[in-house]
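A quick write-up on the structure given underneath.
Position 1 is the first residue of the sequence; numbering continues from there.
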Amino acid sequence: MKLNGASSHHTDSKWSVVGISESAHNTTNPIRKIVDGKTNFNSSKEVISLSIGDPVAHGNLSTHQYVIESLKRHAEVSKNSGYPPSSGYEASRKAVADYSSTPECKLTANDVILTSGASGAIELAMNVLLNPGDNILLPKPGFSLYNTIAGSKGYNVKYYDLLPEQSWEVDTQSLRTLIDKNTKAILVNNPSNPCGSVYTAEHLKEILEVAEEFKVPIISDEIYAHMVFSGHTYYPLASLTKSVPILSIGGLAKRFLVPGWRLGWILVCDHGTGIFDQVRFGLVQLTQLILGPNSLIQSILPDILTNTPQSFFDDLTKTLETHSQFSYKRMGKIPGLKPLLSQGSMYEMVEIEITKFKDIADDIVFARKLLEEESVFVLPGQVFKQPNFFRVVFCAPIPKLTEAYDRLQKFCQNHLKEASS
């Protein structure tokens with residue numbers, strides 16, 4: 001790959017290949033590389049994709065009709081088609097502040113930055129806190145986009161371990177050892193992609209204690225806020241501290257089932273200390289690069305954040321929990337696989353007992369052969385820095401999940417060592 005370097009500005013008789021920037025060269029998203037790339041599959045079987053975190057991909061889940069009607073109404077108002085302020089309409093930011101405030105962290109419109117999806121929010125949050133050469137602590141396993149953004153911008157990454165045997169809780173001792181003078185942020189993801197874990201208040205306070213001890217701000221990715229299953233509770237991280245400064249990431253994509261609408265936000269919470277005063281200014285400066293997210297989607301926020309029926313969210317969570325339980329029980333019956341029960345979000349991680357297979361070297365080979373032979377598409381754990389696991393997105397209808405898991409069982413039976421089958 002040719003990179004652009006210093007130019008001599010001399011004239012030449014013909015064009016040469018134009019190189020690319022270091023930023024472009026260093027930008028790679030392993031999920032998109034797999035999902036968007038050309039892959040071999042069994043053409044005699046319909047491809048069942050359990051790979052990408054799009055809740056509406058299979059057509060069985062969709063946003064509430066009230067949200068659609070609100071969009072139609074606001075589309076008829078011409079001012080909603082103009083340029084909004086780069087950080088978002090004030091009324092829309094106030095709506096997000098009201099929607100997200102807790103008694104411990106009261107937010108105003110000035111504490112909210114609207115972004116192009118939660119992915120855009122994560123990028124802005126990193127960019128406002130880090131310079132090239134600084135480091136950020138990321139969870140392992142974790143959403144691959146975190147590393148994609150960091151690599152593109154020249155930020156160094158250190159990974160702290162999540163413990164599968166403890167419902168993917170953070171190894172806080174490991175976390176402590178990674179912090180140095182160049183650590184500018186800890187990124188926490190709760191509820192988790194890819195793990196489906198939901199942390200208790202007690203465990204979140206343990207993470208906050210580390211941030212407090214070393215005075216490191218936290219970026220808290222909470223795009224799956226409130227999407228938690230029976231017996232578990234979602235706690236906004238900022239609601240559990242009076243001192244640790246937190247940039248919380250949220251958005252419409254998952255809970256409202258509109259990932260393509262690309263509306264996310266950053267909540268700036270420093271508990272009135274002023275610690276993030278410059279960060280607020282810096283975030284507004286950075287929003288001027290793209291002039292904010294879609295104006296029409298912004299315009300409906302005051303309406304849909306207040307008036308979308310709670311029953312819609314309750315039904316969605318109930319459906320996802322049913323799918324999660326079904327996935328866990330069904331895959332738990334397949335020799336060679338050990339699913340870990342999801343506590344929320346849309347994901348389940350499954351451990352592959354590699355030593356029980358005769359011709360499966362690792363999770364990459366497992367996922368590739370599964371697609372080639374049975375046309376079932378899952379993401380290998382190495383995408384998330386967790387070898388010999390794979391991630392399942394369980395949003396598809398139960399009949400489609402049933403077919404996928406039947407094929408998965410056949411695949412495993414075909415590749416298990418005889419003594420293991």
For A404 and L50, work out which heavy atoms get closest and say how close.
CB-CD1, 3.9 Å

Of all the heavy-atom pairs spanning S327 and Y405, show the shortest one and how long it is.
OG-OH, 2.7 Å

Quick one: which of Y347, F366, F384 gives a ring pair (Phe, Tyr, Trp, His ring centres under 6.0 Å) with F390?
F366

Give a yes or no on whether a salt bridge exists between R280 and D277, defined as a side-chain N under 4.0 angstrom from a carboxylate O.
yes

How long is the straight-line distance from NZ of K158 back to CG of D180, given to the nearest 0.5 Å?
3.5 Å

Can you check side-chain contact (heavy atoms from CB on, under 4.5 Å) on Y159 and N147, steps first, answer last?
CA-CA 10 Å; Y159 293 101; N147 187 67; 2.8 Å; yes

Nearest heavy atoms of M126 and A150, plus distance in Å
SD-N, 4.2 Å

State whether R176 and E213 are salt-bridged, where the test is any N-O pair (Lys NZ or Arg NE/NH1/NH2 against Asp/Glu carboxylate O) under 4.0 Å.
yes

On a heavy-atom basis, the closest approach of A121 and W265 is CB-O, 3.6 Å

Distance-only check: which donor-acceptor pairs under 3.5 Å involve side-chain atoms of residues 242-256, not counting sequence neighbours?
from	atom 1	to	atom 2	distance (Å)
S243	OG	E212	OE1	2.5
K254	NZ	G53	O	2.5
R255	NH1	Y99	OH	2.8

Check against salt bridge (Lys or Arg N to Asp or Glu O under 4.0 Å), K153 and E123
CA-CA 9 Å; K153 301 297 182 179; E123 181 176 11; 3.7 Å; yes

Looking only at the side chains, is there a donor atom on one of S239 and T102 sitting less than 3.5 Å from an acceptor on the other?
no

Closest non-hydrogen contact found for C195 with L162 is SG-CD1, 4.1 Å

Between the main-chain N or O of S192 and the side-chain N or O of N190, is there a donor-acceptor pair closer than 3.5 Å?
no

Just how far is it from atom CG of L340 to atom CH2 of W168, taken to the nearest 0.5 Å?
5.5 Å

Got a salt bridge between E76 and K72, using NZ or NE/NH1/NH2 to carboxylate O under 4.0 Å?
no

For the residue pair D363 / Q382, report whether a side-chain donor-acceptor contact shorter than 3.5 Å exists.
yes

Is the OH atom of Y66 crowded by more than 12 outside heavy atoms at less than 6.0 Å?
yes

Looking at the rings of F394 and H323, which for Trp means the six-membered one, are their centres under 6.0 Å apart?
no

Is a salt bridge present between K400 and E403, judged by a nitrogen-to-oxygen distance below 4.0 Å?
no

Which heavy-atom pair separates D134 from L129 by the least distance, and what is that distance?
OD2-O, 4.5 Å

Heavy-atom side-chain proximity of F377 to I48 below 4.5 angstrom:
no

Tell me whether D98 is salt-bridged to K94, with the criterion being a basic N under 4.0 Å from an acidic carboxylate O.
yes

